[in-house]
Amino acid sequence: MAVLLRRATLTLVLAAGMAGCATQSPPRTIADPHLYQTSAAPTSVLQLQKDLSTIFNAPVMRRGIWGVDVRSVDTGAAFFMLNPDRLMMPASNMKVLTLAAAAQSLGWDHRFTTVLETTAPVEGGVLRGDLIVRGTGDPTINTRANRSAAVFDEWAQALRAAGVTAVEGRIVGHDQAFDDEGIGPGWAWDYLDAGYAAPIGALQFNENVAELSVSPGASVGEAVLVRLAPGTGLTLINRATTAPLAAEGARVAVHRRIDRQELEISGRMAIDAKPLSRTVAVLNPTVFFAQGVKDALTARGIAVSGMAVDGDDVGDVAVQAEPKTLVTTRSAPLREIATVLMKVSQNQYAETLLKAIGAKAGVPGTTDSGRATAIETFTAWNIPRDGYVMSDGSGLSRYNYIAPTTMTAVLRRMHADPAHRDAFLATLPIAAKDGTISTRMRRSRAADNARAKTGSISNVRALSGFVTTRDGETLVFAIMANDFVIPSAVVDWIADLAVETLANFTRR
C-alpha cells in the first residue's frame, strides 16, 4: 500500500509540473534504454526505473543536465542510469575522492603535528630571541570544540615549564611543509574574500578566516564602526556611514580589491541596526597564525616584544639553525578531521588533505603532487582515468569533473574495504539528522537512513552516497545536476525525491 501511495504522490507532483510546462516539448527518454530491454529485470525493478525516469524527466529541468548512477553496493548491478558516463561538475562531491585518497595514503589514524621551538637562550625568564612555530598543515587549530584555546593553554604551560615568562623576539611561522600557493586552481576571483575560499597553508589558525564586525556609528552621518582581527594582511577602507532609523535601502557592502590588499566597507547602516558579522579570508595564513599565537600568549601572561612574521620573509639564521623543541602538539586523527570535512563540507580541510598526501620527505606538499598521489590511488583501484578530472580537493573549482559511474565506483570501493568502510560511513551526513542534509528528506523512509555527500556551487548540485531499501538492500547512488537555471532548492528536492524513492523500493 505504501508503495502505491508513493507512486500516486509521485505521479501527481510531477504531473503538476508538466501541466505548468504544457507548451514545452515532451520529456525525453533519457534513462539508459538497456535497462528497459533486459528481460531479466524483475517487475519491481522495471517499476523503479519508470518512477526514476519520471522524476528526472520533469520538464522543469529541461534546460539542465542530470547525471545519475544507481547500483547494488554488493554486486554493482545497475538499477538506473542516466548519462552515467558523462563528465559532470561535482562541486563538493569532489571531497569524496579527496577523502578516499587521503584515507588510503595517510591512514585513518594520521595526525598533523605542530611544534613550538627556539634557537635562543632563556635568561632570567626571558627568551632572548625568536619563538618559532613549525607546522605541517593541521587545519583543526580553531574554535571548534575550543581546540585553539586548549592548544594555546598547552603552549603557555610548556613555555613556563621551560622557564619562559616573556619573549624578547618575534613569533616566526615556519610553513615549509606546504608550498605558498594558498588558492586552488580554478577558484573565482569574486569570492576570494569569503570564508569558504580561505587560502591553505602549513600553519592554519581559525580556518584561516577572521571575524569582521560592522556596527552603526553614534549618530547619523558618522562612519560605521568596523573591527577586524589583526594579522589578516588586509587594510580596512571604511566608506560606510550611519543612516537614520529604518532608512530605506540602507545596506552595507564588503568588497576585497583584487589589485591591492584592501577590504572596503561601503554603503549605509541604519543607526538602530544590529551589528553585521561575517568571516573574511586572510591573505597570509602563516602571519595570521603567528599573530594568533602572539595574542594568545600575551593574554596568558607571557609578553611578546617582537612582531608576528612569516619565516619566508625574515630570511635570517634563526629559522635555519638547529632548534630546541619546547612542545609538540598533535591533531585529532584523520577519522575525526574527516567527519568535519564531510558533514560540514569544510573546503579548507579538503585542500589541506590534498596537499598532505602530496608531501614527501623534504618536498613541500602541493596541489599538483597531491593530485598525482590521488590519481595513483584511483588507478590502483581500476578507476578509469578518463572518468574524472581532479583540479582541487574541495570541489570549489569549476575545473573539476566526475562521471557518476566514477563516483559510485569510489563509493563502492570504500564500502567494500574493511580498512575504510566504518570510518568512511561515519563521516557522511545522515538525512534528516546531521550535516548538510540535516533538514532534507524528513518524514520519509530516507530519513536517518540515507548517508550522502552534498555538492553546491553556482548552477551545480550533487548528492552521492548510500541508502537502504525496504528489503534491507544497500544501494549506492550518484546524482549530479549541471547547467540549470531553476532555483537550486527545486533541484535538491528532485534529488531528494529520487533517494526517497530508492528507500521505498522493495522487490516484493
>> Is it the case that the side chain of N400 and the backbone of D392 share a donor-acceptor pair, with hydrogens and angles ignored and the cut-off at 3.5 Å?
In response: yes
> Any side-chain heavy atom of W155 within less than 4.5 Å of one from V293?
Replying inline: yes
>> Taking the side chain as everything from C-beta on, heavy atoms only, tell me whether T286 gets closer than 4.5 Å to H174.
In response: no
>> Any donor-acceptor pair under 3.5 Å linking the side-chain atoms of N142 with those of S148?
In response: no
> Should we count CZ of R251 as having more than 12 external heavy atoms under 6.0 Å?
Replying inline: no
> Taking the six-membered ring for Trp, is the centroid-to-centroid distance between H415 and F466 below 6.0 Å?
Replying inline: yes
> Where do Q104 and H420 land on the side-chain contact (heavy atoms from CB on, under 4.5 Å) test, with the steps shown first?
Replying inline: CA-CA 8 Å; Q104 182 70 14; H420 295 311; 2.8 Å; yes
>> I'd like to know if the side chain of S369 reaches the main chain of T366, judged simply by a donor and an acceptor atom lying under 3.5 Å from each other, with no hydrogens or angles considered.
In response: yes
> Taking N449 for the side chain and V467 for the main chain, is one N or O donor matched with an acceptor at less than 3.5 Å?
Replying inline: no
> Are the side chain of D417 and the backbone of R413 linked by a donor-acceptor contact shorter than 3.5 Å?
Replying inline: no
>> I need the single residue from N284, V282, L203 that forms a side chain to side chain contact (heavy atoms under 4.5 Å, CB included) with F289. Which is it?
In response: L203
> Do the ring planes of F152 and F205 sit parallel (below 30°), tilted (30 to 60°) or perpendicular (above 60°)?
Replying inline: tilted
>> Give me the atom names and distance for the closest heavy-atom approach of T469 to F505.
In response: CB-O, 3.3 Å
> Could R278 and E211 be called an ion pair, given the rule that one side-chain N must be under 4.0 Å from one carboxylate O?
Replying inline: no
> Looking only at side chains, do D51 and T501 share a donor and an acceptor under 3.5 Å apart?
Replying inline: no
> Are any non-hydrogen side-chain atoms of K343 and T427 less than 4.5 angstrom apart?
Replying inline: no
> Do K95 and T98 have side-chain atoms, one donor and one acceptor, less than 3.5 Å apart?
Replying inline: no
> What's the shortest heavy-atom distance between V460 and A91, and which atoms?
Replying inline: CG1-CB, 3.9 Å
> Is any side-chain heavy atom of Q47 less than 4.5 Å from a side-chain heavy atom of L52?
Replying inline: no
> Do you know which of T279, L276, T232, L263 makes side chain to side chain contact (heavy atoms under 4.5 Å, CB included) with L212?
Replying inline: L263
> Looking only at atom types and distance, does a side-chain atom of D483 sit under 3.5 Å from a main-chain N or O of G64, one as donor and one as acceptor?
Replying inline: no
> Are any side-chain N or O atoms of N482 and backbone N or O atoms of M89, one a donor and one an acceptor, separated by less than 3.5 Å?
Replying inline: yes
> Using a distance-only test with no angle check, is there a side-chain donor-acceptor pair under 3.5 angstrom linking N347 and E351?
Replying inline: no
>> For a 4.5 angstrom cut-off between non-hydrogen side-chain atoms, does D496 reach L463?
In response: yes
>> Could you check whether R507 pairs with E473 (Lys NZ or Arg NE/NH1/NH2 to Asp/Glu carboxylate O, under 4.0 Å)?
In response: yes
>> Using modelled atom types and a 3.5 Å cut-off, is there a donor and acceptor pairing between side-chain atoms of R398 and backbone atoms of W187?
In response: no
> Hey, is the main chain of M342 close enough, under 3.5 Å, to the side chain of S345 for a donor-acceptor pair?
Replying inline: no
> Within 45° of the ring axis of Y388 and under 6.0 Å from its six-membered ring centre, is that where the NZ or CZ of R385 lies?
Replying inline: yes
>> Among T114, D175, D138, T352, exactly one meets side chain to side chain donor-acceptor pair (under 3.5 Å) together with Q204. Which residue is that?
In response: T352
> Have R111 and S331 got a donor and an acceptor in their side chains that come within less than 3.5 Å?
Replying inline: no
> Just by distance, with hydrogens left out, do T113 and R330 show a side-chain donor and acceptor under 3.5 Å apart?
Replying inline: no
>> Please check if the number of heavy atoms outside K274 that lie under 6.0 Å from its NZ is greater than 12.
In response: no
> Salt-bridged, D69 to R71, with N to O below 4.0 Å?
Replying inline: yes
> Can you list the steps and then say if F79 with F477 is a ring pair (Phe, Tyr, Trp, His ring centres under 6.0 Å)?
Replying inline: CA-CA 10 Å; F79 278 64; F477 62 88; over 10 Å; no
>> Can a side-chain donor-acceptor contact be found between D434 and S438 if the only test is distance below 3.5 angstrom?
In response: no
> So, R442 and D448, do they make that salt bridge, N to O below 4.0 Å?
Replying inline: no
>> For K355, is there an ion pair with D368 - N to carboxylate O distance below 4.0 angstrom?
In response: no
> Are Q291 and D295 close enough that a side-chain donor and a side-chain acceptor fall under 3.5 Å?
Replying inline: yes
> Looking only at atom types and distance, does a side-chain atom of T406 sit under 3.5 Å from a main-chain N or O of G387, one as donor and one as acceptor?
Replying inline: yes
> Sub-3.5 Å donor-acceptor pair from the side chain of R461 to the main-chain atoms of D492, do we have one?
Replying inline: no
> Under a 4.5 Å cut-off applied to non-hydrogen side-chain atoms, are L106 and I357 in contact?
Replying inline: yes
>> Any non-hydrogen side-chain atom of I141 less than 4.5 Å from a side-chain atom of F112?
In response: no
> So do the side chains of F484 and V60 get within less than 4.5 Å of each other, counting heavy atoms only?
Replying inline: no
